[in-house]
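Below you'll find the structure, written out as structure tokens, and then a few comments.
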Amino acid sequence: MVTASAPGKCILFGEHAVVYGEPAVAVAIDARVSVTLEPCQGSWKLSGAPLDERHPHARFLHSQLVGDDSDPHSMLVTSELFPAAGMGSSAALSAAIGAALMHWSTGGDELNLEHISHLAHIAEAEAQSGRASPTDTSTATLGGCVLVSDRHEDSADWRWTRTLDTPEGERRWEVHNVTLPDSVRDAYLVVGSTGIHSPTGEMVAKVAGMLERQPDRMGDIARMGQLSRIGAGALAAGNLVETGRLMDEAHGLLAGLGVSCPELERLVAAARPTSLGAKLTGAGGGGCMLALTTEPKATAEAIEMGGGRVITTSLGASGVRIER
Ligand code: PMV
């Protein structure tokens, strides 16, 4: 028996802009997805059901890492994340399944993180019509703080290049870790869920429509990319006040692109008096917001009073790992 786990993520800067080649910054959070692999009778199973086309991520990872001739096992999944809310639950699931299968099939060799991240990214893309940025899967695998860009960024530690054949041709990303100083431990993220499904595809299409109608909004996309670079630098320097200020600015730009909603606005407004900065995170249109705060209890209570469900987390949890 083997159990692997991987963290969820929050995007601090650059969601939507990353679709247009700008950098994005994400952090791994203290809420994880765990997968336990146990021998079973008959055929391979996921959470009690046969492993079939209902589980494209798991099927792909299984075919790549162990194949059909392998002894049947069941994969039992538990998750601490809000599902379909932009917290990277499917990427964390893919990374945890990849790690569990790799650990089992190699007899316990050290995990090859780049290979897990690569397979998890392809699995995500296969399940999303061939399009997926490696932000979620890289963060679930590497943990910490991740900067994804179309170029090598001097301010961060380059880890690997990810390429993907998409319907629009080959795309390429440089994946980095941003080292967080100890002082960042004084801060917390409070993630507030609206409870509304966040339709990533619809939101990406909405932004594309807006940019077609109002091409000068590309300036906002470029500014969001700048915020990712400046924000990564502020985090690396432990400048929490500046990071929060930049998050507020990022939220204003995202709202201007039409991806906020009244529920997100209510939670962001509720969080601001006790936090350093607050913004929607991920695709928007529902899903989650997050606040950077040194008063996590007060911020969490304010978001709950505004109608949100909360997860409080430190910044930069560890990446995919074998638990036992
Ligand atoms: O799936 P989410 O909610 O983490 O948001 C995805 C982020 C986008 O930039 C909107 C889309 C993408 O592919 O990067």
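First listed ligand is number 1; within each ligand, the first listed atom is number 1. Small disclaimer: the values here were computed from a predicted structure and weren't measured.
Between His152 and Trp158, the ring planes are parallel. Angles under 30° get that label, and only those over 60° would be called perpendicular.
Distances below 4.0 Å separate heavy atoms of Ser133 from the following atoms of ligand 1: 14 (O). Near Gly282, meaning under 4.0 Å from any of its heavy atoms, are these atoms of ligand 1: 2 (P), 3 (O), 4 (O), 5 (O). With ligand atoms numbered from 1 in the order given, ligand 1 contributes 2 (P), 3 (O), 4 (O) to contacts under 4.0 Å with heavy atoms of Gly86. Near Glu15, meaning under 4.0 Å from any of its heavy atoms, are these atoms of ligand 1: 9 (O).
A salt bridge does not link Arg266 to Glu263: none of the charged nitrogens lies less than 4.0 Å from a carboxylate oxygen. A salt bridge does not link Glu202 to Lys206: none of the charged side-chain nitrogens sits closer than 4.0 Å to a carboxylate oxygen. By the 4.0 Å N-to-carboxylate-O rule, Glu15 lies close enough to Lys279 to be salt-bridged with it.
Neither the backbone nor the side chain of Met203 has a heavy atom within less than 4.0 Å of ligand 1.
The N/O atoms of His16, backbone and side chain alike, include one that comes under 3.5 Å of an N/O atom in ligand 1. In terms of polar-atom proximity, defined here as any N/O pair under 3.5 Å, Lys9 does make such a contact with ligand 1.
Take His251 and apply the ring pair (Phe, Tyr, Trp, His ring centres under 6.0 Å) test, not counting sequence neighbours, and it matches no residue. Scanning for ring pair (Phe, Tyr, Trp, His ring centres under 6.0 Å) contacts around His62 gives Trp44, with sequence neighbours left out.
More than 12 non-hydrogen atoms from other residues, nucleotides or ligands lie less than 6.0 angstrom from CZ of Phe82.
Remark: minimum distance from atom 14 (O) of ligand 1 to any protein heavy atom is reached at Val18 CG1, 3.2 Å. Nearest protein neighbour of atom 6 (C) of ligand 1, counting heavy atoms only, is Thr200 CG2, 4.0 Å. The closest protein non-hydrogen atom to atom 3 (O) of ligand 1 is Ala283 N, 3.0 Å.
In the candidate list Ile11, Val19, Asp136, Val19 is nearest to atom 11 (C) of ligand 1, counting heavy atoms.
Separating the CG atom in Leu211 from the CZ atom in Arg217 is a distance of 8.5 Å, to the nearest 0.5 Å.
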